[in-house]
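A short worksheet on the structure shown next.
Numbers here are sequence positions counted from 1. Small disclaimer: the values here were computed from a predicted structure and weren't measured.
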Amino acid sequence: QVQLVESGGGLVQPGGSLRLSCVVSGLPLEDYDIGWFRQVPGKEREGVSCITSKDVSTYYTGSVKGRFTISRDNAKNTVYLQVNNVKPEDTAVYYCATDLRLSCETYYYPAKMEEYDYWGQGTQISVSS
């Protein structure tokens, strides 16, 4: 059984930092691209960042470039999202996801998101002073 479990969210002041973790079980993490997504109630889910399986290339949506860093530790079956200099607009539920159909080059396409079978339950980041 495949499981993805996110943790590390919380309430943070603007300019603060958090590190999100996504622990994956039930599949060989080293063979999968992994994406981080976020969603605000009433809005579409947004692709935030992605890391490839083979060459560990990283991808970021424009609004988080320079502030978020994705990384992976295959030995720990974990993918991380370091979130720095947070802004109120970063407030959302953050999800990690994977699937053999998830490719970092297209991970953020809304139609592709519908194809991914494996999602975590989400972790909330709330940015407020």
Side-chain angles (χ1 to χ4, degrees):
Q1 181 181 359
V2 177
Q3 280 193 313
L4 284 75
V5 180
E6 303 98 335
S7 62
L11 177 63
V12 59
Q13 293 185 341
S17 298
L18 290 169
R19 190 175 79 157
L20 307 184
S21 299
C22 172
V23 179
V24 182
S25 59
L27 54 78
L29 183 63
E30 62 271 18
D31 293 340
Y32 287 75
D33 292 6
I34 306 288
W36 280 98
F37 303 81
R38 65 187 179 187
Q39 189 167 24
V40 176
K43 294 190 176 181
E44 288 190 350
R45 190 168 294 187
E46 174 189 23
V48 175
S49 184
C50 190
I51 188 165
T52 62
S53 59
K54 296 294 186 281
D55 59 3
V56 201
S57 295
T58 57
Y59 296 72
Y60 301 94
T61 191
S63 63
V64 309
K65 280 182 181 177
R67 301 189 297 119
F68 290 15
T69 303
I70 192 172
S71 61
R72 64 192 296 159
D73 185 339
N74 291 336
K76 295 183 177 179
N77 294 320
T78 303
V79 178
Y80 303 98
L81 186 69
Q82 179 67 41
V83 178
N84 294 332
N85 190 23
V86 295
K87 302 177 180 181
E89 52 265 40
D90 295 323
T91 295
V93 179
Y94 285 71
Y95 302 88
C96 57
T98 193
D99 193 286
L100 285 175
R101 290 166 288 193
L102 190 158
S103 168
C104 282
E105 292 184 352
T106 59
Y107 77 103
Y108 56 94
Y109 289 9
K112 296 294 289 183
M113 291 185 212
E114 299 298 324
E115 298 179 353
Y116 307 151
D117 283 339
Y118 307 123
W119 292 84
Q121 82 289 348
T123 187
Q124 174 78 45
I125 292 181
S126 298
V127 183
S128 175
S129 55

Any side-chain to backbone donor/acceptor pair from D117 onto D99? Under 3.5 Å, distance only. no
Quiz item: Do Y107 and D33 come within less than 4.5 Å of each other through their side chains, counting heavy atoms only?
Solution: no
Notebook entry, point to check: So, the side chain of E6 versus the backbone of C22: is there a donor-acceptor pair under 3.5 Å, distance only?
Noted result: no
The reported gap from CG in L102 to OH in Y109 (rounded to nearest 0.5 angstrom) is 12.5 Å
task = Decide side-chain contact (heavy atoms from CB on, under 4.5 Å) for T52 and Y59; before the verdict, give the C-alpha distance in whole Å, the side-chain angles of both, and the deciding distance to 0.1 Å.
result = CA-CA 9 Å; T52 62; Y59 296 72; 3.8 Å; yes
When you measure from the side chain of R38 to the backbone N and O of A92, does any donor-acceptor pair fall under 3.5 Å? no
One should read off an interatomic distance between S53 OG and N74 CG, to the nearest 0.5 angstrom, of 8.5 Å
Excluding V5, membership of its hydrophobic cluster (Ile, Leu, Val, Met, Phe, Trp, Tyr; side-chain heavy atoms within less than 4.5 Å) reads none
The side chain to side chain donor-acceptor pair (under 3.5 Å) partners of T106 (sequence neighbours excluded) come to none
Any side-chain heavy atom of L81 within less than 4.5 Å of one from Y94? yes
Backbone N or O of L100 within a donor-acceptor pair of the Y118 side chain at under 3.5 Å? no
Report task. Determine, using ring centers only, whether F37 and W119 are less than 6.0 Å apart. Result -> yes
Margin query: Applying a strict under-4.5 Å side-chain criterion to I, L, V, M, F, W and Y, I'd like to know whether V48 and V83 cluster together.
Written below: yes
S17 side chain to N84 side chain, donor-acceptor N/O pair below 3.5 angstrom: yes
